[in-house]
Student: 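Pasting in a structure now, in structure tokens, and then I'll have a few things to ask.
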Amino acid sequence: MRPRLLAAALVAAAVTLAMGNGPASAAAATPVGRNGQLGVCGTKLCNSAGTPVQLRGMSTHGLQWYSDCVTGGSLDVLADEWSADVLRISMYVQEGGYETDPAGFTARVNEIVEQASARGLYAIVDWHMLDPGDPNANLDRARTFFAEVAARHRDKPNVLYEIANEPSGVHWNTIKSYADQVIPVIRAQDPDGVVLVGTEDWSSLGASGDGEGVARILANPVTAGNVMYTFHFYAASHGDWYLDTLRDAAGKLPIFVTEFGTQEYTGDGPNDFTTAQRYLDLLAGSGISWVNWNYSDDLRSGAVFTEGACEAGTYGSLKEAGHWIRDRIQAR
Ligand code: IDC
């Protein structure tokens, strides 16, 4: 084991030991140790002291396909070498996901939340609904899943709940109705967990629709507090119009970018790092947290690892987008 990795492993072990009553200094070395329970203050995400924070991190790929990229070893790398703050746990509902084995996927998500917690990372539990685009199509499943997950992690300060990855083909009021039914289920178990709500047209705040998405949210916001609205973008597909939508929304609503890519919206194709940097500059200026898609070795250009890296455990073997995003997560 290289000295740096050994040191990192010792820190991780110390943090694990410190979860109850150990030395505060070890816990303070991690994002959760420094910031504690998050909350929404105005349009910002704030730490337990009420100071705005910007989290940066990675999303897993679908757990039904790339679970082998989410291991103790890969999360050590994410926490210690990449210095990430947050892991998004992407659990698809369809496409071979949750609906095929609710107990199994719930257990796997719980296990990854524990692994993230042991490393002092924030964990976003992503209900990765995609098709059908109406989140209400999976309402009963979402209620069951979030009740179980929130009950299990209610005493942790580091869990955020993303209740609808990318709604599509539905009016904002339909999404809001879903949110108003799912959030109380979470809050009954975990009253202070931040909830992230998907937005119109694949969480584009309506930018991929008629452009009135922000106005519709402002006219009819989610009933509960401590909520943020999500924005997703893919830099090679989504240019000025999307950027303008984000810039407009940033001053009006609490926004969290729970998914973005430097390539096309397929998660593949050429990277547009110039446009991606324009987004990151805007996000930095507005203090908006972000999560990149994705921490896997899928063949597509948006997966950070080269193909086969997860099975081999060679987490330093990165594609072009992987190098680019690691640099930007590491930069402080
Ligand atoms: C894509 C994956 C791809 C998979 C597909 C299946 O990269 O391997 O075959 O999902 O649905 C999203 C979605 C996210 C997409 C991603 C890239 O949230 O699931 O992943 N994307 O297309 N929204 C915009 C882009």
Student: What pairs with S67 under side-chain contact (heavy atoms from CB on, under 4.5 Å), at least two apart in sequence or on another chain?
Tutor: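 Partners of S67 by the side-chain contact (heavy atoms from CB on, under 4.5 Å) criterion, ordered by chain and then number, come out as R108.
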Student: Stepwise, does the side chain to side chain donor-acceptor pair (under 3.5 Å) test hold for Y66 with D297?
Tutor: CA-CA 8 Å; Y66 293 98; D297 63 356; 5.5 Å; no
Student: Sequence neighbours left out, what passes salt bridge (charged side-chain N to carboxylate O under 4.0 Å, His left out) with R216? Give chain and number order.
Tutor: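 So R216 forms a salt bridge (charged side-chain N to carboxylate O under 4.0 Å, His left out) with E200, D210.
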Student: With ring centroids as reference points, do Y315 and F305 lie under 6.0 angstrom apart?
Tutor: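 They qualify: ring centres under 6.0 Å apart.
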Student: Would you check if the distance from the ring center of W127 to the ring center of Y161 is below 6.0 Å?
Tutor: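 Ring-ring flag for W127/Y161: false, centres at least 6.0 Å apart.
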Student: Can you check ring-ring contact (aromatic ring centres under 6.0 Å, His included) on F260 and F233, steps first, answer last?
Tutor: CA-CA 5 Å; F260 83 93; F233 65 90; 4.8 Å; yes
Student: Hey, are R300 and Q263 close enough side-chain-wise for a donor-acceptor pair under 3.5 Å?
Tutor: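 The criterion, which ignores hydrogens and geometry beyond distance, is not satisfied for R300 and Q263.
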Student: Tabulate below the donor-acceptor pairs under 3.5 Å that side-chain atoms of residues 142-152 make, not counting sequence neighbours, or state none.
Tutor:
unit_1 : atom_1 : unit_2 : atom_2 : d
R143   : NH1    : D140   : OD1    : 3.1
R143   : NH2    : Q181   : OE1    : 3.2
T144   : OG1    : D140   : O      : 3.1
R152   : NE     : E114   : OE2    : 3.3
R152   : NH2    : E114   : OE2    : 3.1

Student: Can you tell me which residue among V194, V291, T30, L160 is in a side chain to side chain contact (heavy atoms under 4.5 Å, CB included) with Y122?
Tutor: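 Option passing the side chain to side chain contact (heavy atoms under 4.5 Å, CB included) with Y122: L160.
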Student: Should we count CD of E111 as having more than 12 external heavy atoms under 6.0 Å?
Tutor: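 Counting neighbours around CD of E111, more than 12 heavy atoms of other residues, nucleotides or ligands fall under 6.0 Å, so yes.
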Student: Is it the case that the side chains of S237 and Y242 hold a donor-acceptor pair, with the cut-off being a distance below 3.5 Å and no angle test?
Tutor: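 Looking only at side-chain atoms, S237 and Y242 do not form any donor-acceptor pair under 3.5 Å.
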Student: Which residue pairs pass the side-chain hydrogen bond (donor to acceptor under 3.5 Å, both in side chains) test with at least one member in residues 37-57, sequence neighbours excluded?
Tutor: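 Qualifying pairs, neighbours excluded: N35-N47.
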Student: Give me each pair satisfying disulfide bond (SG atoms under 2.5 Å apart) with a member in residues 281-311, each pair once, sequence neighbours excluded.
Tutor: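 Passing the test, one end in residues 281-311: C69-C310.
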Student: Mark yes or no for whether S203, through its side chain, and T199, through its backbone, hold a donor-acceptor pair below 3.5 Å.
Tutor: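 Pair found, side chain donor or acceptor close to backbone of T199.
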Student: Among E259, H61, Q64, H128, exactly one meets side chain to side chain contact (heavy atoms under 4.5 Å, CB included) together with S90. Which residue is that?
Tutor: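 Among E259, H61, Q64, H128, the one meeting side chain to side chain contact (heavy atoms under 4.5 Å, CB included) with S90 is H128.
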Student: Among pairs that include at least one residue of residues 153-223, which meet disulfide bond (SG atoms under 2.5 Å apart), considering only residues two or more places apart or in two chains?
Tutor: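 Matches after skipping sequence neighbours: none remain.
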Student: Any donor-acceptor pair under 3.5 Å linking the side-chain atoms of T262 with those of N271?
Tutor: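 Note: N271 and T262 side chains meet the donor-acceptor criterion.
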